[in-house]
Amino acid sequence: MIVRTLDEVIGSDDDVSAEGWNSRRLLLAKHGMGFSMHDTLIHEGAELDLWYKHHLEAVYCIEGEGEIESRVTGQKWPIRPGTIYALNEHDKHTLRATKQMRMICTFNPPVTGNEVHDADGAYAPAPGTESS
Ligand code: 9YT
């Protein structure tokens, strides 16, 4: 069994930051669960253009306020605590935080720990899963 706490992840190598967000990676590929789970802060005022073309991601908001926009259809949805969105079609999207949001993010396949977004807003494919 694996037991970890947010306190032990904060400030460790599994605490990853980039412009507009800070991802505390609670479970990663190395934990062998087949998914990763992050406790992520999206800073107030952040606007992130994302496109997880190599991963499926589900995101559950537990604090804060913002919106998500599909850059495929143009549809927008408000995000508040209790809202989950799932990028089941690897949807290109824009995430905006009007108040700092705290999100529980799960990735399949799991991220390995050090990923930050590339120019497309994607994370690199998990090792061994690259497709042509
Ligand atoms: C919701 C989202 O995709 N935020 C960017 C950070 C990322 N989810 C992560 O690695 O926790």
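When a ligand or atom number is given, it counts from 1 through the structure's own listing order. One is the number of the first residue; the rest follow in order along the sequence. As the structure is a computational prediction, the values presented were derived from the model and not from experiment.
- Close approach of ligand 1 to Ser23 is summarised as follows: ligand atoms under 4.0 Å from at least one heavy atom of the residue are 9 (C), 10 (O), 11 (O).
- In Tyr60, neither the side chain nor the backbone holds a heavy atom less than 4.0 Å from any atom of ligand 1.
- The OH atom of Tyr60 sits 12.5 Å away from atom OG1 of Thr106, with the distance rounded to the nearest 0.5 Å.
- By the criterion of a heavy-atom distance under 4.0 Å, the side chain of Ile42, and not its backbone, is placed next to ligand 1.
- Under 4.0 angstrom from ligand 1, the non-hydrogen atoms of Leu95 all belong to its side chain.
- In terms of protein heavy atoms, atom 7 (C) of ligand 1 is closest to Tyr123 OH, 3.2 Å.
- Which parts of ligand 1 touch Leu50 is read off a 4.0 Å heavy-atom cut-off, strictly below it: atoms 2 (C), 3 (O).
- Heavy-atom proximity to Arg25, at under 4.0 Å, picks out these atoms of ligand 1: 9 (C), 10 (O).
- In terms of protein heavy-atom proximity, atom 3 (O) of ligand 1 is closest to Tyr52 OH, 2.7 Å.
- Within ligand 1, counting atoms from 1 as listed, the ones closer than 4.0 Å to a heavy atom of Tyr85 are 1 (C).
- Remark: side-chain polar atoms of Arg4 are paired, donor with acceptor, to backbone N or O of Arg25 under 3.5 angstrom.
- Listed for the Arg71 side chain is a donor-acceptor partner under 3.5 Å among the backbone atoms of His93.
- Tyr123 and Tyr52 have tilted rings, their planes meeting at an angle from 30° to 60° on a 0 to 90° scale.
- Evaluation of the salt bridge (Lys or Arg N to Asp or Glu O under 4.0 Å) rule for Asp91 yields no partner, not counting sequence neighbours.
- Between Trp21 and ligand 1, no N or O atom pair is found at a separation short of 3.5 Å.
- Atoms of ligand 1 found under 4.0 Å from any heavy atom of Phe107 (numbered from 1 in listed order, with element): 8 (N).
- Using a cutoff of 4.0 Å between basic side-chain nitrogens and carboxylate oxygens, Arg96 and Glu67 are scored as salt-bridged.
- Of the charged side-chain nitrogens involved, at least one lies within less than 4.0 Å of a carboxylate oxygen, so that Asp39 and Arg24 count as a salt-bridged pair.
- Counting only heavy atoms of the protein, atom 8 (N) of ligand 1 lies nearest to Glu57 OE2, 3.0 Å.
- The number of heavy-atom neighbours closer than 6.0 Å to CG of Asp13, taken from other residues, nucleotides and ligands shown, is 12 or below.
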